[in-house]
Undergrad: 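Sharing a structure with you now.
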Amino acid sequence: MSEGDPKNTHFGYKTVDSEKKADLVADVFHSVAAKYDIMNDVMSFGVHRFWKRHTIATAGARPGMKVLDLAGGTGDLTAKFSHLVGERGQVILADINDSMLKVGRTKLRDKGIVSNVSYVQANAEALPFPDNHFDIITIAFGLRNVTDKDAALRSMRRVLKPGGKLLVLEFSKPQHEVMRKVYDLYSFKVLPKMGALITQDADSYEYLAESIRMHPDQETLKQMMIDAGLEQVDYTNMTDGVVALHRGYKF
């Protein structure tokens, strides 16, 4: 099945109608939104904070920049970017899921982060922003949930300024066999039980584990970014490749 198959796509390990995937993914995130931050800490033993810090450092945001935090969820990256770009800058937290946006907005406002952050419900495949608009775009743990990843990457490139940078932080493929076996055991045996215990929703976390396995590996995603028109594409493996940070530029 090709990435751009107009009729069918993957929803975890299931094959579904492409037009229905967005709604199915939405149901998952409506279900987990309220406990999303807690589950991130529990699932990753807090390591997701390191992965995100590395992403922020790699982004190199400076005062006055415009940043798009795509699939920004509950706003961890947006909060950091808000401080870095300052009053003259702008950060847009965009997510396709209204429940996640509401949680993120409440969380950031409770922290007093208001003046330079705005919220947009948006589909990554057709971003509602002008051409050549953002200095930096990040998408953290969101690309694997997109139906047409190629279209999303092209859309992201379109709204980047010349010289702008795209960062894709996503689960990927562990590099060593021992880690792969441990990771599989954890993902398919432990993770759904955690989901059931904390969110009363094992099925959603089973889908999330499956969606990670269906996501393109490091080299495949690198080539997809190049095919979308991005340049100087590279990636950094973290935690033995459980997570990878891909970086590409628009020139």
Side-chain angles (χ1 to χ4, degrees), residues 22 51-98 100-101 103-105 107-109 111 113-170 221-222 224-236 243-251:
W51 299 331
K52 290 172 181 173
R53 279 200 301 271
H54 183 70
T55 302
I56 293 289
T58 302
R62 300 188 303 277
M65 282 187 165
K66 292 180 179 178
V67 179
L68 174 61
D69 181 13
L70 186 56
T74 58
D76 286 348
L77 295 183
T78 293
K80 299 290 187 184
F81 282 130
S82 173
H83 293 300
L84 291 170
V85 303
E87 291 183 2
R88 293 186 296 109
Q90 179 189 36
V91 185
I92 294 179
L93 193 167
D95 202 293
I96 196 170
N97 188 276
D98 181 58
M100 295 292 284
L101 270 181
V103 172
R105 185 187 299 115
K107 175 179 165 183
L108 296 187
R109 288 179 176 175
K111 291 182 175 182
I113 300 171
V114 178
S115 61
N116 62 355
V117 174
S118 55
Y119 303 86
V120 176
Q121 188 169 1
N123 185 335
E125 297 172 24
L127 292 169
F129 306 111
D131 294 357
N132 307 315
H133 189 69
F134 294 102
D135 298 285
I136 297 167
I137 298 175
T138 59
I139 179 166
F141 306 115
L143 186 61
R144 73 181 188 280
N145 297 311
V146 174
T147 303
D148 189 339
K149 297 174 182 60
D150 294 313
L153 290 168
R154 291 193 299 269
S155 185
M156 288 180 240
R157 182 192 179 279
R158 177 184 65 78
V159 301
L160 272 177
K161 291 179 180 178
K165 182 188 305 182
L166 169 64
L167 298 170
V168 181
L169 179 65
E170 189 53 89
L221 180 54
K222 177 181 177 180
M224 289 170 66
M225 292 175 68
I226 293 169
D227 292 344
L230 293 153
E231 300 181 57
Q232 294 185 12
V233 179
D234 60 11
Y235 62 85
T236 301
V243 164
L245 177 63
H246 283 69
R247 172 176 56 183
Y249 295 85
K250 175 181 177 177
F251 293 122

Undergrad: Flag the pair Val85 / Val91 as yes when at least one side-chain heavy-atom distance between them is below 4.5 Å, and no otherwise.
TA: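 The answer is yes, as the side chains (C-beta and beyond) meet within the 4.5 Å cut-off.
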Undergrad: Run the numbers on Thr138 and Leu68 for side chain to side chain contact (heavy atoms under 4.5 Å, CB included), then give the verdict.
TA: CA-CA 6 Å; Thr138 59; Leu68 174 61; over 6 Å; no
Undergrad: Listed by chain and number, what are the salt bridge (charged side-chain N to carboxylate O under 4.0 Å, His left out) partners of Arg154, not counting sequence neighbours?
TA: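 With neighbours one apart ignored, the set is empty.
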Undergrad: Begin from the C-alpha positions of Ile56 and Arg53 and carry the test side chain to side chain contact (heavy atoms under 4.5 Å, CB included) through to its verdict.
TA: CA-CA 5 Å; Ile56 293 289; Arg53 279 200 301 271; 5.7 Å; no
Undergrad: So, do Tyr249 and Leu160 sit near enough that their side-chain heavy atoms are less than 4.5 Å apart?
TA: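 No, side chains not in contact.
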Undergrad: Mind checking the CE-NE2 spacing from Met224 to His246? Nearest 0.5 Å is all I need.
TA: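 If we round to the nearest 0.5 Å, Met224:CE and His246:NE2 are 9.5 Å apart.
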Undergrad: When you compare the side chain of Asn116 with that of Phe81, does any pair of heavy atoms fall below 4.5 Å?
TA: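 Side chain of Phe81 against side chain of Asn116, heavy atoms only: no contact under 4.5 Å found.
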Undergrad: What's the spacing between Leu77 CG and Leu70 CG if we round to 0.5 Å?
TA: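 Answer rounded to 0.5 Å: 11.0 Å.
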Undergrad: When rounded to the nearest 0.5 angstrom, what distance separates CE in Met225 from CD in Gln232?
TA: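 Met225 atom CE to Gln232 atom CD measures 12.0 Å (nearest 0.5 Å).
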Undergrad: Taking it one step at a time, do Leu108 and Thr74 satisfy side chain to side chain contact (heavy atoms under 4.5 Å, CB included)?
TA: CA-CA 8 Å; Leu108 296 187; Thr74 58; over 6 Å; no
Undergrad: Going from OG on Ser118 to CD on Gln90, what distance comes out if it is rounded to the nearest 0.5 angstrom?
TA: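 These two atoms lie 5.0 Å from each other.
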Undergrad: Ile113 and Ser82: which non-hydrogen atoms are nearest, and at how many Å?
TA: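 For Ile113 versus Ser82, the nearest heavy atoms are CG2-OG, 3.4 Å.
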Undergrad: If you look at every heavy atom in Ala152 and Val146, which pair is closest and at what distance?
TA: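 Looking at all heavy atoms of both residues, the closest pair is CB-CG1, 3.9 Å.
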Undergrad: Is Asp150 close to Asp227 at the side-chain level, that is, under 4.5 Å between some pair of heavy atoms?
TA: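 With C-beta onward as the side chain, the pair stays apart.
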Undergrad: I need the minimum non-hydrogen distance between Ala59 and Ile136, along with the two atoms involved.
TA: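 Distance-wise, the nearest heavy atoms are O-CD1, 3.5 Å.
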Undergrad: Check whether any side-chain heavy atom of Asp69 lies under 4.5 Å from a side-chain heavy atom of Ile92, and answer yes or no.
TA: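 Answer no - side chains too far apart.
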Undergrad: Counting neighbours of NZ on Lys80 that are heavy atoms of other residues, nucleotides or ligands and sit closer than 6.0 Å, is the number greater than 12?
TA: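 At most 12 heavy atoms, drawn from other residues, nucleotides or ligands, come within 6.0 Å of this atom.
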Undergrad: Salt bridge between Lys161 and Asp135, side-chain N to carboxylate O under 4.0 Å?
TA: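 Answer for the salt bridge query: yes.
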Undergrad: Please find the pair of heavy atoms, one from Arg157 and one from Phe251, that lie closest to each other, and give the distance.
TA: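 In this case the closest contact between Arg157 and Phe251 is NH2-O, 4.1 Å.
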Undergrad: Do you know which two heavy atoms are closest between Leu143 and Glu170, and how far apart they sit?
TA: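 For Leu143 and Glu170, the tightest heavy-atom pair comes out as N-OE1, 3.3 Å.
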Undergrad: For a 4.5 angstrom cut-off between non-hydrogen side-chain atoms, does Leu167 reach Thr58?
TA: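 They are in side-chain contact.
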Undergrad: Any side-chain to backbone donor/acceptor pair from Arg247 onto Asp234? Under 3.5 Å, distance only.
TA: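 No.
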Undergrad: Do you know which two heavy atoms are closest between Asp95 and Asn97, and how far apart they sit?
TA: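 Scanning both residues completely, I find the closest heavy atoms to be OD1-N, 2.9 Å.
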Undergrad: Evaluate side chain to side chain contact (heavy atoms under 4.5 Å, CB included) for Leu166 paired with Leu230, printing each intermediate quantity in order.
TA: CA-CA 8 Å; Leu166 169 64; Leu230 293 153; 3.6 Å; yes
Undergrad: Within the structure provided, determine whether Leu169 and Phe141 are in side-chain contact (heavy-atom separation under 4.5 Å).
TA: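 Counting from C-beta outward, Leu169 and Phe141 do come under 4.5 Å.
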Undergrad: Between side-chain atoms of residues 124-133 and protein atoms elsewhere (two or more places apart, or another chain), which donor-acceptor pairs fall under 3.5 Å?
TA:
{"unit_1": "Glu125", "atom_1": "OE2", "unit_2": "Thr147", "atom_2": "N", "d": "3.4"}
{"unit_1": "Glu125", "atom_1": "OE2", "unit_2": "Asp148", "atom_2": "N", "d": "3.0"}
{"unit_1": "Asp131", "atom_1": "OD1", "unit_2": "Arg158", "atom_2": "NH1", "d": "2.6"}
{"unit_1": "Asn132", "atom_1": "OD1", "unit_2": "Lys250", "atom_2": "NZ", "d": "2.6"}

Undergrad: With heavy-atom distances below 4.5 Å as the criterion, would you say the side chains of Ile96 and Asn145 are in contact?
TA: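 Not touching, per the 4.5 Å side-chain cut-off.
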Undergrad: Quick one: CD1 on Ile139 to OG1 on Thr55, what's the gap to the nearest 0.5 Å?
TA: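 It is 12.0 Å, given to the nearest 0.5 Å.
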